[in-house]
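Chain naming here is simple, since letters A, B, ... match the order of the sequence lines and numbering starts at 1 in each. Values below: every heavy atom of this structure, side chains too, minus hydrogens, waters and symmetry copies. Here the structure is a predicted model, which is why all the values come from computation and not from measurement.
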Protein chains: 2
Amino acid sequence: MADLIYQKIIESLKKEIDKGSFPDMRLPDERSLAENYHVSRSSIKRALGNMSEQGIIFKKRGAGTFVNPLYLKQDSYFNYSGKNLGITDSFKANGQKPGIKVLSFDVIRPDEELRDNLFLNKGEFVYAFKRLRLLDDVPFMIETGYIPIKLAPELSEKVASESVFNYVESELGKEVNKTYLTISAQPSDEEGQKLLNLTKTEPVGIMEGIFFLNDGTPFEFSTMKLHYKYFKYDSFVDLDR
Amino acid sequence: MADLIYQKIIESLKKEIDKGSFPDMRLPDERSLAENYHVSRSSIKRALGNMSEQGIIFKKRGAGTFVNPLYLKQDSYFNYSGKNLGITDSFKANGQKPGIKVLSFDVIRPDEELRDNLFLNKGEFVYAFKRLRLLDDVPFMIETGYIPIKLAPELSEKVASESVFNYVESELGKEVNKTYLTISAQPSDEEGQKLLNLTKTEPVGIMEGIFFLNDGTPFEFSTMKLHYKYFKYDSFVDLDR
DNA sequence: TTATTATATTGGGTCGGTCCAATTTCAAGA
DNA sequence: TCTTGAAATTGGACCGACCCAATATAATAA
């Protein structure tokens with residue numbers, strides 16, 4: 001559990017919202033909240049600002065703070081409190097058993113584009129692996145990943161068959177918690193049709209991205225081809241910033 | 001131009017980064033920045049926190065603040081400083097001439113799901129319109145939109161043929177600046193193949209979402225089917241929050 | 001009753017301070 | 001030379017204050 005004040009406020013307010021403590025969709029003003037929680041207004045502001053970014057509430061100067069009615073519908077987006085970017089973990093919560101089948105595992109010389117994306121110099125090598133991911137034994141995603149050997153010298157096919165990110169965290173003491181994603185779609189190619197059990201008219205969703213360590217080091221470049229029925233990305237966009 | 005301190009700091013720091021003032025990828029520490037800019041450390045923290053959320057920089061306690069090397073590559077994501085959620089505007093910057101063809105424009109009785117999404121009571125009506133959007137006269141997107149009549153009583157087919165959001169802003173004095181998006185992909189249906197000039201094996205990208213006014217009122221429910229070649233969504237995800 | 005105007009409410013931005021935790025730096029010791 | 005550990009550096013959290021801007025409410029005037 002979080003021991004930070006503003007995080008505790010967030011948890012508490014979320015519970016209150018779920019409980020229906022604000023039937024008019026309106027939260028108490030910041031000054032009252034500060035008083036009731038015995039914290040400074042700054043901390044309340046921080047909590048509310050955070051919740052606003054997540055789309056849980058709307059703030060309007062002069063008027064007050066209001067619950068996003070969509071939040072009460074308990075849409076999937078709001079329920080997702082991802083603690084890990086690893087696919088293994090994010091799907092576990094869904095009640096389905098994830099599986100991994102390693103299709104290939106090599107060490108290769110990256111081409112220029114890949115070197116660019118991972119900020120490598122000429123002469124540095126990367127692990128290249130392709131994995132098929134399953135949910136309840138049904139394949140839904142082909143993942144191609146590249147990781148610089150210097151960042152994970154002990155990486156092995158066995159590690160790849162489990163969770164790479166868990167390995168990084170527990171063995172290397174580093175954390176992958178930021179990613180720059182590009183999302184698109186394409187017709188399925190032969191490989192996709194075969195591995196993901198798709199017809200020619202059925203497409204794949206593409207999630208391509210660079211995963212970063214805490215300190216900003218690019219750790220992995222990954223291309224994920226998803227069966228279109230499993231391809232869904234939720235996002236709350238706020239242009240006031 | 002922004003007259004807020006932290007926004008000016010952001011602009012300034014971005015310029016310095018672009019200019020290459022930090023050859024070691026490292027920004028000055030917060031206390032020095034505060035002194036040099038003659039502002040409080042709080043404002044610096046706010047600016048840096050904001051830039052961190054945007055993925056421009058990485059902060060690491062005890063170590064310092066560093067430029068995301070990806071930012072220097074000037075990837076499309078970082079260059080997009082969208083001031084409007086309207087598609088018309090966001091593509092304009094790309095140098096291409098956007099066009100709109102209204103396929104239908106009606107007033108209908110929303111079904112339950114739509115009422116749910118727009119938070120309407122039984123008996124309230126919505127405008128329903130379908131538009132084909134073009135870039136340099138090439139169709140790339142079919143958009144189906146629903147707007148409660150009570151929120152935009154004067155909406156007309158003519159308005160729909162231009163920019164709805166511009167109309168809202170200039171005529172109604174309201175602003176649409178938040179949206180909850182769900183992104184997915186599907187095989188193209190007959191309509192898509194015809195209007196977007198797709199073959200049977202070519203898919204469409206789906207962007208479905210609710211657009212909100214400043215005060216949290218759901219303003220429009222929209223489903224956008226995009227030609228897969230024009231379908232691209234960039235996103236920077238930070239799990240530390 | 002209605003329209004206008006003053007007042008109170010409410011979130012926004014900024015300041016400058018305190019203490020803390022993660023990391024780096026560097027000097028002392030083996 | 002290498003290791004250990006103290007000290008300095010640096011970002012993180014929090015406080016409580018100030019004034020401002022947008023909005024809502026109540027009082028006033030037409």
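- At the phosphate of C:dG11, neither OP1 nor OP2 sits under 4.0 Å from any side-chain N or O atom of A:K45.
- Within the 4.0 Å cut-off from OP1 or OP2 of D:dT10, not a single side-chain nitrogen or oxygen of B:T65 is found.
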- request: For each nucleotide in nucleotides 15-24 of chain D, reading 5' to 3', give B when a protein heavy atom comes within less than 4.0 Å of its base, S when such contact involves only the sugar-phosphate, and - otherwise.
  value: BB----BBBS

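- Sequence neighbours left out, the pairs with a member in residues 33-42 of chain A that pass salt bridge (charged side-chain N to carboxylate O under 4.0 Å, His left out) are A:E30-A:R41.
- Rounded to whole angstrom, the span from the CG atom of B:D24 across to the P atom of D:dT10 amounts to 12 Å.
- Identified under the salt bridge (charged side-chain N to carboxylate O under 4.0 Å, His left out) test for residues 145-161 of chain B, with sequence neighbours left out: B:E124-B:K150, B:K158-B:E162.
- At whole-Å resolution of the value, CD in A:E35 and P in C:dT10 are 12 Å apart.
- One interatomic measurement links the two molecules: OH of B:Y37 to P of C:dG13, which rounds to 19 Å at whole-angstrom precision.
- One finds no side-chain N or O of A:Y6 lying less than 4.0 angstrom from the OP1 or OP2 phosphate oxygen of D:dC14.
- Each salt bridge (charged side-chain N to carboxylate O under 4.0 Å, His left out) pair with one or both residues in residues 111-121 of chain B, not counting sequence neighbours, would appear here, but there are none.
- At whole-Å resolution of the value, CD in B:E30 and C1' in D:dT9 are 12 Å apart.
- With sequence neighbours excluded, no residue forms a salt bridge (charged side-chain N to carboxylate O under 4.0 Å, His left out) with B:K122.
- Under a 4.0 Å N-O distance rule, the pair A:K19/A:E16 qualifies as a salt bridge.
- When rounded to the nearest whole Å, the span between CZ of B:F58 and P of D:dG12 equals 14 Å.
- Partners of B:S42 under the side chain to side chain contact (heavy atoms under 4.5 Å, CB included) rule, at least two apart in sequence or in another chain, are B:S40.
- Atom NZ in B:K8 sits roughly 12 Å away from atom C1' in C:dG13 (whole-Å rounding).
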